[in-house]
2 protein chains.
Amino acid sequence: MYYTIGEFAKKVNISPHTLRFYAKEGLLPFVERSESGIRMFKDEDFEWLMIIECLKKTGMPIKDIKTFIDWIMEGDSTIDKRLDMFKKQKEAVEKQIAQLQETLELLKYKCWYYETAKNAGTCAVHNTIKLEDIPEDIRLVKERLKKIHSLY
Amino acid sequence: MYYTIGEFAKKVNISPHTLRFYAKEGLLPFVERSESGIRMFKDEDFEWLMIIECLKKTGMPIKDIKTFIDWIMEGDSTIDKRLDMFKKQKEAVEKQIAQLQETLELLKYKCWYYETAKNAGTCAVHNTIKLEDIPEDIRLVKERLKKIHSLY
DNA sequence: ATAAACCTGAGAGTTAGCTCTAAGTCAAGA
DNA sequence: TCTTGACTTAGAGCTAACTCTCAGGTTTAT
């Protein structure tokens, strides 16, 4: 069962333009061609695209993804490199999640800040608010922010 | 206490070039100027930069950040808009975290895959591996991936 | 007073990752 | 056979977010 680039594009939900761009960048060395030069995608190519998508989601640049694809094409001699790469990428994503969770805390604080301001009709309410009227979790974020500020 | 752009750049760890770029994009309407036109940053401007940084980390484009800064400059009449914006941004970040956690699962699977291949000396080991030799958590990811694949 | 270091805005250049156009080739249905 | 739509490559264009260069003005320390 073979697919043209247009059919495969629908399957993986990536435009044919983008698939050709990936091919040009060397991300799809596994794709077969017909005699007349037309790309023939297979079902198993779907798995390759899943790996590519996964690495893209980690923020890895296309050049580095190409390096990794080339390692796979090279065979078992590159297993160590591939393992190292995934370990590093795993750590990178763990850091990204931690970073986003910090950002989320600040956003939660800001939501509370504007909920309170909305109820009072003015942001000025935050000049007179008492510490004990601030919810526990919000107060912690507020104090963390102050600390960062005073570091500089 | 006023800072020149160079001094402030060090404080917030952003290059003077980038700060001028932000100013040009309208992100720093609160920065005062000396008679001769030189920017005079204040301690409290640090907080503005913290908000800008926070929104940038959520992936918000500079134009949208400018809209938000303009709302703050407009005063209390824009509190509702600002609250809505933060609520949406909070949801967006929660989705990003969920997405990264899925990606992390796949990376963990790949780490296990290559650890196993490394021990065996070949990726071919995965053609003959028994289900019961796959750790519980890894097996779950593997099955989830299969399901996604068969959807198409 | 003068050199060094820093400031200014305008605008050019860079990078990544698409996204599209053009000119031509190929394949399937009426 | 002919039309229509999808395929091909090369290469141009686009957007975001910087990043840097330039020519000129300002500040500060000797």
Side-chain angles (χ1 to χ4, degrees), chain A residues 1-42 45 48-69 89 92 96 99 103, chain B residues 1-42 45 48-69 89 92 96 99 103:
Chain A
M1 181 61 183
Y2 286 111
Y3 307 90
T4 66
I5 200 168
E7 290 160 351
F8 194 73
K10 276 177 199 155
K11 243 172 91 83
V12 296
N13 203 29
I14 299 175
S15 81
H17 280 311
T18 303
L19 283 175
R20 286 197 197 98
F21 165 71
Y22 286 173
K24 194 156 56 176
E25 296 293 305
L27 256 48
L28 317 176
F30 47 83
V31 175
E32 295 178 32
R33 299 277 190 141
S34 74
E35 269 189 29
S36 56
I38 288 178
R39 289 184 187 86
M40 291 157 59
F41 290 82
K42 300 179 294 298
D45 295 345
W48 284 93
L49 263 292
M50 270 176 53
I51 300 175
I52 290 171
E53 288 283 271
C54 170
L55 292 177
K56 280 183 60 57
K57 280 174 191 161
T58 70
M60 183 183 276
I62 284 177
K63 272 184 194 173
D64 295 357
I65 300 179
K66 176 187 162 26
T67 302
F68 170 71
I69 301 272
Q89 226 46 35
Q96 284 177 47
Q99 171 66 83
T103 301
Chain B
M1 180 62 184
Y2 286 111
Y3 306 90
T4 65
I5 200 167
E7 289 160 352
F8 193 74
K10 275 177 201 156
K11 243 172 91 82
V12 296
N13 203 29
I14 299 175
S15 82
H17 279 311
T18 303
L19 283 175
R20 286 197 198 98
F21 165 71
Y22 286 174
K24 193 156 57 175
E25 296 293 304
L27 257 47
L28 317 176
F30 47 83
V31 176
E32 295 177 32
R33 298 280 188 138
S34 74
E35 270 188 28
S36 56
I38 287 178
R39 289 185 187 85
M40 292 156 61
F41 290 83
K42 300 179 295 296
D45 294 344
W48 284 93
L49 263 292
M50 269 176 52
I51 300 176
I52 290 171
E53 289 283 271
C54 169
L55 292 176
K56 280 183 61 58
K57 279 174 192 163
T58 70
M60 183 182 275
I62 284 177
K63 272 184 191 171
D64 294 358
I65 300 178
K66 176 186 162 29
T67 301
F68 170 71
I69 300 271
Q89 227 46 35
Q96 283 176 49
Q99 171 66 84
T103 301

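Not measured: the values here are computed from a predicted model. Lettering of chains follows the sequences in order, A, B, ..., and the numbering in each one begins at 1.
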### Message
Whether B/T4 contacts C/dC6 is assessed here as follows: a side-chain N or O lying under 4.0 Å from the phosphate OP1 or OP2. Is that the case?
### Response
no

#### Entry: Short side-chain N/O contact from B/R20 to OP1 or OP2 of D/dT21, under 4.0 Å
no

### Task
Starting from the 5' end of DNA chain D, give me the residue, A/K24 or A/I38, whose nearest nucleotide shows up first.
A/I38

### Task
With heavy atoms under 4.0 Å as the rule, sort B/P16 into base, sugar-phosphate or nothing.
nothing

### Message
Between P on C/dT8 and CZ on B/F8, what's the gap in Å once rounded to a whole number?
### Response
13 Å

#### Entry: Contacts of B/K66 that satisfy salt bridge (Lys or Arg N to Asp or Glu O under 4.0 Å) - sequence neighbours left out
B/D70

### Query
Between A/F41 and A/F8, what is the ring plane arrangement, given parallel below 30°, perpendicular above 60°, and tilted in between?
parallel

### Query
D/dG11 C1' sits how many Å from A/H17 NE2, rounded?
13 Å

### Message
Assess the residue pair B/I52 and B/I62 against the criterion (side chain to side chain contact (heavy atoms under 4.5 Å, CB included)); give the C-alpha distance rounded to whole Å, side-chain angles, the decisive distance to 0.1 Å, and a yes or no.
### Response
CA-CA 9 Å; B/I52 290 171; B/I62 284 177; over 6 Å; no

### Task
In whole angstrom, give the distance that lies between atom CD of B/E35 and atom C1' of C/dT8.
16 Å

### Query
Rounded to whole angstrom units, what separation is found between the CD atom of B/E25 and the P atom of C/dA10?
13 Å

#### Entry: Separation of atom CZ in B/F21 from atom C1' in C/dA10, rounded to whole Å
14 Å

### Query
Can a side chain N or O of B/S36 be found less than 4.0 Å away from OP1 or OP2 on D/dT27?
yes

### Message
With a cut-off of less than 4.0 Å, is there a side-chain N or O of A/Y22 near OP1 or OP2 of C/dC18?
### Response
yes

### Task
Would you please confirm or rule out a distance under 4.0 Å between OP1 or OP2 of C/dA16 and any side-chain N or O of A/K66?
no

### Query
Atom NZ of B/K10 to atom C1' of C/dA5: distance rounded to whole Å?
11 Å

### Task
To the nearest 0.5 Å, tell me how far A/I38 CD1 sits from A/I5 CD1.
10.5 Å

### Task
Measure from CD1 on B/I65 to C1' on D/dC18 and round the result to the nearest Å.
13 Å

### Message
Please tell me if A/R39 has a side-chain N or O lying less than 4.0 Å from either OP1 or OP2 of D/dA6.
### Response
no

### Summary
Atom CZ of A/R33 and atom P of D/dT8 are separated, to the nearest Å, by 6 Å

### Task
Measure across A/L55 and A/T58 and return the closest heavy-atom pair with its distance rounded to 0.1 Å.
O-OG1, 2.6 Å

